[in-house]
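Read the structure below first, then the notes.
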Protein chains: 2
Amino acid sequence: MLTIGEFSRLTHLSVRTLRRYHEAALLEPAVVDETTGYRYYGVDQIPTAQVIHRLRELDVPLSDVQRILRTPDPGVRAALVTDHLRRLEDALDRTRAAVVSLRRLLRPDPAPIDVELRAEPARTVAAVEAVVGHRDMATWFAGAMAELEAAVGAAVTGPPGGIYDNALFEQERGHALVYLPTAAPPRTGRVHPTVLPAAELAVTTHVGEHDGIEVTYGELGTWVVENAMSVAGPVREVYVVGPRDTSDPAAWRTEIGWPVFRVT
Amino acid sequence: MLTIGEFSRLTHLSVRTLRRYHEAALLEPAVVDETTGYRYYGVDQIPTAQVIHRLRELDVPLSDVQRILRTPDPGVRAALVTDHLRRLEDALDRTRAAVVSLRRLLRPDPAPIDVELRAEPARTVAAVEAVVGHRDMATWFAGAMAELEAAVGAAVTGPPGGIYDNALFEQERGHALVYLPTAAPPRTGRVHPTVLPAAELAVTTHVGEHDGIEVTYGELGTWVVENAMSVAGPVREVYVVGPRDTSDPAAWRTEIGWPVFRVT
DNA sequence: GTGGACTCTCCCCCAAGGGGAGCGTTTAGA
DNA sequence: TCTAAACGCTCCCCTTGGGGGAGAGTCCAC
């Protein structure tokens, strides 16, 4: 039996943290003295403590750590861990994007923006939509687009696009829709026909990979306001040239469309 | 002038967050209506808001964001940002290490550990020491070791090593010392002679890169306890074969020494 | 048997927001 | 011009994963 201090030294977890894990029923001491409340740990708990420590270093929430620990099947457990590692990769992508944006923002480079006003008519497309968390966007997008491609196949009549609720950016959660235009939208799995509503859009084109696209959003927003307009409704993106067309991200062209109306 | 809602849509920052940034004096609205308390922002504040947003995505604390924004000199500002990017790299290294450790922990692989008890005599070495945060360890270590190498030069009489306070692992902050053994330790810059105290050590060797070394710590700890001993004092590492000797991390050999005493 | 190290619980604190209540303001349409 | 909806305000509490410290009890080696 090890006192909490000894266990702390052996696992490199602080005494405080160990108490918290006890409280969270994450790592219960092998023995708790009824009268004194002293916690005593067993040597066999060291590996468990280490697993927790490593998972926490990966920012896995305690609740998820608990779920992982309580999963007896090693295969399922490994799957849960892998799932978190995927999340980690997403986070890494976002970090990279932020770095690129930051570099672009800190470069004292006016680079005038080219904006076009366009009246977009309503049209019917094949779509996949969901309320999705900001964190999971990348993964969700990849899956949805793959399903769309599979459902529509060669009947595609134009570049894919998406409509994204502002709440998706402002609060970590919102409605997202991706679509592929086609003459007769199928209805299979998550894919279904949807009418994209007509809209008056301020459109600009972001060139290159999507890292840094937020800066273009900001420039578009500035243009909209300076041209005495106001923003209304969800944002649209059209992937005019994207990964479907070329593997060179520098050649990608993404149209960003912001629904606007004139404020006389 | 933009209302907070419009500004929110244009910057993809939530209304709530904008209010918080106002409160924190990070991003003050251009105009605040005296009577209603309504906040109004200018278009020219969009880039600033975006810089803040990107920095926050990089987990830069608001206080540091503020410092960066208030730095007028673009060169100094870029340096501050670069500094944070370096921290980010450190974090990435830790993440990688945690993933490696986790894989090793989840592998059902007993792999008996080889531990040697050794009475280490006191000896005088050239050392650099500091109280350092867990986060900054990697960077600090690299700098300290470089300074040691420069100061001692060819007079080295053995592999480098370090002594690390347990608090460094348990709480995010603790005393760390790295040393190079040499006959006549110099005193330049942070380098100074120090006596490594004698100690009874339980020693095992970790093979390969340091990612995953925590697992070896755990195994050593288990051995110590199972052999009726108790852990006392800071941990020691000796980099028997390290980056100084070979560029192949798989060939590295790190001795981990834990001061112990027998509990009858 | 005693002093110092260790441990206990309890309360407050942190960052960086989110949720919601209760109330005032603005604005578009009837 | 009125009114209702949308929008904005402040205030308070909640979250996560801990850290700091107070005040009191416990353990152990000398």
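Being a predicted model, the structure only gives us computed values, none of them experimental. All chains are named by letter (A, B, ...) in the order of the sequence lines, taking the proteins before the strands, and each is independently numbered beginning at 1.
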Taking atom [atom2] of [N] as reference, at what distance in whole Å does atom [atom1] of [X] sit?
X	N	atom1	atom2	result
B:E6	D:dC7	CD	C1'	10 Å
B:R9	D:dC7	CZ	C1'	9 Å
B:R16	C:dA21	CZ	P	12 Å
B:L62	C:dC14	CG	P	14 Å
A:F169	C:dG18	CZ	P	16 Å
B:L27	C:dA16	CG	P	15 Å
A:H22	C:dC8	NE2	C1'	12 Å
A:Y41	C:dT7	OH	C1'	11 Å

When you measure from the side chain of B:E214 to the backbone of A:Q50, do you find a donor-acceptor pair of N or O atoms at a distance under 3.5 Å? no
On DNA chain C, nearest-nucleotide positions of B:V60 versus B:D33: which is more 5'? B:V60
Does [X] put a side-chain nitrogen or oxygen below 4.0 Å from OP1 or OP2 of [N]?
X	N	result
B:R19	D:dT10	no
B:S14	C:dG18	yes
B:R56	C:dA16	yes
B:T17	C:dG18	yes
A:R39	C:dT9	yes
B:T3	D:dG8	yes

With B:Y21 as partner, the option from B:L62, B:V65, B:T48 fulfilling side-chain contact (heavy atoms from CB on, under 4.5 Å) is B:L62
Mapping A:Y21 and A:T35 to their closest nucleotides on DNA chain D, which lands nearer the 5' end? A:Y21
Does any non-hydrogen side-chain atom of A:T11 lie less than 4.5 Å from one of A:Q45? no
When you measure only distances, ignoring hydrogens and angles, does the side chain of B:Y38 come within 3.5 Å of the base of C:dG24 through a donor and an acceptor? yes
Once rounded to the nearest 0.5 Å, what's the spacing between atom CD of B:E57 and atom CZ of B:R54? 4.5 Å
Please report the interatomic distance CG(B:L80) to CZ(B:R67), rounded to the nearest 0.5 Å. 7.0 Å
